Amino acid sequence: MRARIYQDKIEQAYKTSGNSMGWRFLSCPTKNLEGAEVAFIGLNPGGSSVDADHGEIAMSEGSAYRDERWAGYEAGQSPLQKQVLSLFALLEQRPEDVLSGNLVPFRSPDWETLANPEFSVRFGEDLWAEVLEVARPSLVVTMGNQATKSVCKLLNVTRLERKKVGWGNVSAQRGTHEYGTIVGLPHLSRFGIMNRDASRKQLQELFAGFVSPIRK
């Protein structure tokens, strides 16, 4: 029932937004809307066309990051998929158990070509405000500056600590909210930190309390 309500809202907002390349909300099953320990929120779906094999509102089962073919790669093998799967593995989470989706459900080849971005972001924030209030994950991980900024606003996060991630001056952010922790990562399609040896120690510190310590 909840998923149907979200679908109706998205379809109406999609028409209003002026976007025309399709939309996609969750990359996990709808059951995760009712509660998940970890949420992962990206920016918006990429590409310029809808893949008929990919669900719009959610996956019927599994995880889009593991089970779908993206950009001509085998299932789970695109660079971004491999990065996100490594994140889930670090957190000791099965991909299908993570509440994963996009802040803005409307597709665009890149953020600069998203139509009506102010409206689109505002709609995404309203949508996720409802989702997070119900799911209340103890750890929320965001990807990219806009997603981090928006979700921090939704969770009333007033203070973020910046932490280097072993990639020059690039940093992640960590803060607390009413029911847990938020970690804001740089966009993993550009900064492949999850499989980077130079980032291993920094990631352990960034996700302290949610990951097992490094074995010496």
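What's counted below: heavy atoms across the whole structure, side chains too, no hydrogens, waters or symmetry copies. Every value quoted in this text rests on a predicted model; they were computed, and no experiment measured them.
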Checklist entry - Sub-3.5 Å donor-acceptor pair from the side chain of Q93 to the main-chain atoms of F88, do we have one? => result no
Next on the checklist: List the residues meeting side-chain hydrogen bond (donor to acceptor under 3.5 Å, both in side chains) with Q7, not counting sequence neighbours, and say none if there are none.
Outcome noted: E11
Next on the checklist: Determine whether a donor-acceptor pair (N or O, by modelled atom type, separation under 3.5 Å) exists between the side chain of Y14 and the backbone of G22.
Outcome noted: yes
Next on the checklist: Using only atom types and a distance under 3.5 Å, with no angle test, would you say the side chain of S199 pairs donor to acceptor with the backbone of V165?
Outcome noted: yes
Checklist outcome for this item: Applying side-chain hydrogen bond (donor to acceptor under 3.5 Å, both in side chains) to E130 and not counting sequence neighbours gives K9
Checklist entry - Between F207 and L87, does a side chain to side chain contact (heavy atoms under 4.5 Å, CB included) hold up when you go through it step by step? => result CA-CA 10 Å; F207 289 104; L87 167 66; 3.6 Å; yes
Item to check | T113: partners by side-chain hydrogen bond (donor to acceptor under 3.5 Å, both in side chains), with sequence neighbours left out | outcome: D110
Checklist entry - Got more than 12 heavy atoms from elsewhere within 6.0 Å of CD, E61? => result no
Next on the checklist: According to salt bridge (charged side-chain N to carboxylate O under 4.0 Å, His left out), does anything in residues 72-84 pair up with another residue at least two apart or in another chain? List the pairs.
Outcome noted: R69-E74
Item to check | Salt bridge flag under 4.0 Å for residues D8 and R4 | outcome: yes
Next on the checklist: Would the distance check show the side chain of Q81 and the main-chain N or O of A64 forming a donor-acceptor pair, the cut-off being under 3.5 Å?
Outcome noted: yes
Next on the checklist: Taking side-chain contact (heavy atoms from CB on, under 4.5 Å) as the definition, give me every residue that meets it alongside E178, ordered by chain and number, with sequence neighbours left out.
Outcome noted: R136
What donor-acceptor contacts under 3.5 angstrom involve side-chain atoms of residues 151-160, with partners at least two apart or in another chain?
unit_1 : atom_1 : unit_2 : atom_2 : d
K153   : NZ     : E125   : OE1    : 2.8
K153   : NZ     : E125   : OE2    : 3.3

Checklist entry - Does R196 reach the main-chain N or O of G166 with its side chain, forming a donor-acceptor pair under 3.5 Å? => result yes
